[in-house]
Structure formats: structure tokens, C-alpha cells
Amino acid sequence: MPEGDTIHRLAREHARDFAGRTVRVSSPQGRFAAEARRLNGRRFMGAEAYGKHLFHHWRGGLVVHVHLGMAGWFYRYPRPAPPPRPTVRMRLATRDVTVDLIGPPTCELVSEEERREIVSRLGPDPLRRDFDPDVAWERLRRRDRPVGDALLDQRIVSGVGNIYRIEALFLTGIHPLRGTAALSRREWTRLWQTLRALMQRGVRTGRARTVDPSETPHPRAGGPAGGAGERPAGEAGERWSDDFYVYRRANCRRCGRRIVELPLSGRRMFVCPRCQRKRRAGRALDQGAGAVAPAP
DNA sequence: GGCTTATGCGCAG
DNA sequence: TGCGCCTAAGCCA
């Protein structure tokens, strides 16, 4: 269940594996079969990420547009690859490596023109060199709405998903229900920089981990969140990771306070009522709280 | 085997 | 706002 950092990492991987090569393309599942026949044996020119969208560029101006949604994933095999599962939508293979795409809501052949249209609907991507946080700020100001809601709107910022919105708001001390109208320019800048730093780290490490590992958890920080749909702490013991400050936690990793869970834009939102302020902070807090997470 | 959940998103109402 | 879609994995009976 990828956010933008994963897509950028995949783009690099695919460029490394396939750029400049002639690639065998197939669709064992069948839903991309006609397109695969067109691409099969063609030269792969490059891969590009924009937010959560991935583009494969092929010789002749053909572009494959992939969006992984919630369930989609790429599996990579150094040769020899196993026979594809029947759910493989698209298989890319060279002599050296095979990549299987499974479960994407979007895997389509588009023109360069259509690619531009898709990208033009997206807000600036914190992971791209051509980003412009001012554009995001302008769009953010157009309508007063909860910041936590706005951060998932890909027209405002692209590539941010549930984990990064939750953790970046925590790190900047901003309550997700704060209206965008009550957000200062300085707070926005810090939020943007925090998102960028966290996601860059994700690209580097291949892991969405937002905590500063040198920061010891609060004694009452505890384990994962309980409640509906959550595994009990005991059972989850093995799988529970201490990667986040508030995301899917019962208690704040920093202060130990009980985490509040609320639905926001149809997703689970987690907030620490002590560390995050609903109202705009005073000057001291505005400057002091929520430094950009350092690289580990 | 069915139900639920997941780092998404587009659409109908 | 809720629903459907994509797939895998874990829980439950």
C-alpha cells in the first residue's frame, strides 16, 4: 500500500533494470494482453514517478500509466523467475530480471499527451526537483477545510498518503482538524519540509519509518492501537513495529498520552491531543515545535 | 470459505 | 458520504 516514496523508488528500480533494453511484455491475467502485445520486444526508455503515479516510457512515444491504489504491488525476481501467478496484470522481463505487476486499479497504455493531462491534475510532488510549494500553498488557501483532509488531496500535494499525513502533522504539532485558513505560511513551510524529509528518507531506505531512532519512546508509549479491527497487542507482538509516533498506536510515542482516532477523508486519522494543537500556536510554539525529522 | 483490513481513488447520489 | 474496485493476508467459524 504505497505512498509517493515507494513509487519513486520503483521508478528508479525500473529505470535501472530496464532502461535502454528490449523487454518482453506479457499479461498472464489477460486484462493488459492487447497492450502487452504492442509493447513486447520494444525498447524501454525510462521510468518516472509523479506523486503516486508511475509512468513507463517506451520507444515510439508509448507510455504505460500505473497506479497501485491500495492493493497493487510490483514483485521483482532476479532470474530465473517463477511462473507468473494468474493475477499478474503485466510482466516485464529481460534476461536478467523479471518484474510482475499485481492488483493495480490502473495499468493502461496512454499517449504523451494523456500523460501530461494526468500530471496537470496533480499538485506539486515533494520528491521531484521541479516541485513548487507555493503552488500547493495557493491551492491550500482556496478553500477552508481541515488540514488533515487537504493533505490527502492529490491536487494540492501529490504523493502524500495516510501515514505521511498523520506523522507530518504530528511532527509539526498541528492538529489535523485545524482549518487551512488558520494555518500560517510558516507552518505550511515547515509541514512541506517535514513531508519532504520523511518521504526522501522513505525513498532512501525503502521503508516508511518516521521516528528518529535516537529518540527513546516514552515509558507509557506502549504498543499498537487496540479497538475495532485491531489485533490485540499480545498477538501482534511479533509484527508490531515501532516506526511511528502516532500512526496506529494506542499511546503517543513521545509523551505517552492516549492517541485519539478519528475518521478523516474516509481514512483512519491518529492524533496526540497533547502534542498537536487545534488552534494556531503562539510565536514560541510556532518556532519551537516540530523540527524537520533528521536523517537517521 | 467468508469477512475484514490495508500506505487509494473515482464515481454516483 | 458511501460504494465499488484491485489483491493479499489474517482472523473467524
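Each chain gets a letter, A, B and so on, in the order its sequence line appears, and its residues count up from 1.
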Members besides A:Val119 in its Ile/Leu/Val/Met/Phe/Trp/Tyr cluster (side-chain heavy atoms under 4.5 Å): A:Tyr50, A:Phe55, A:Val63, A:Val110, A:Ile118, A:Leu122
Who passes side-chain hydrogen bond (donor to acceptor under 3.5 Å, both in side chains) against A:His65, sequence neighbours left out? A:His53, A:Glu108
Those residues that, when tested against A:Phe44, pass ring-ring contact (aromatic ring centres under 6.0 Å, His included) (two or more places apart): A:Phe18, A:His56, A:Trp58
For [X], what residues pass the salt bridge (Lys or Arg N to Asp or Glu O under 4.0 Å) criterion, not counting sequence neighbours?
X        : result
A:Glu138 : none
A:Asp153 : A:Arg145, A:Arg155
A:Arg79  : none
A:Glu113 : A:Arg116

Looking at A:Lys52, I'd like to know whether one of its side-chain N or O atoms comes within less than 4.0 Å of OP1 or OP2 on B:dT7. no
Between protein and nucleic acid, restricted to nucleotides 5-7 of chain C and to nitrogen or oxygen atoms under 3.5 Å apart, what atom pairs and distances do you find?
unit_1	atom_1	unit_2	atom_2	d
C:dC6	OP1	A:Arg31	NH1	3.1
C:dT7	OP1	A:Gln29	NE2	3.0

Pairwise side-chain hydrogen bond (donor to acceptor under 3.5 Å, both in side chains) hits with a residue in residues 24-44 of chain A, at least two apart: A:Gln29-A:Arg89
Contact check, residues 123-131 of chain A vs DNA chain C, heavy-atom distance under 4.0 Å, returns none
Test of understanding: with side chain to side chain contact (heavy atoms under 4.5 Å, CB included), list the residues that count as partners of A:Ala81, not counting sequence neighbours. A:Tyr77, A:Arg91, A:Thr98
Please state how far atom CZ in A:Phe74 lies from atom P in C:dA8, giving the value in whole angstrom units. 14 Å
Just the rounded figure in Å: distance from P of C:dT1 to CG of A:Leu262. 13 Å
Mind listing the residues from residues 150-168 of chain A sitting with a heavy atom below 4.0 Å of DNA chain B? Number order is fine. A:Gln154, A:Gly161, A:Asn162, A:Ile163
Answer yes when A:Asp100 and A:Arg85 have at least one side-chain N-carboxylate O distance shorter than 4.0 Å, and no when they do not. no
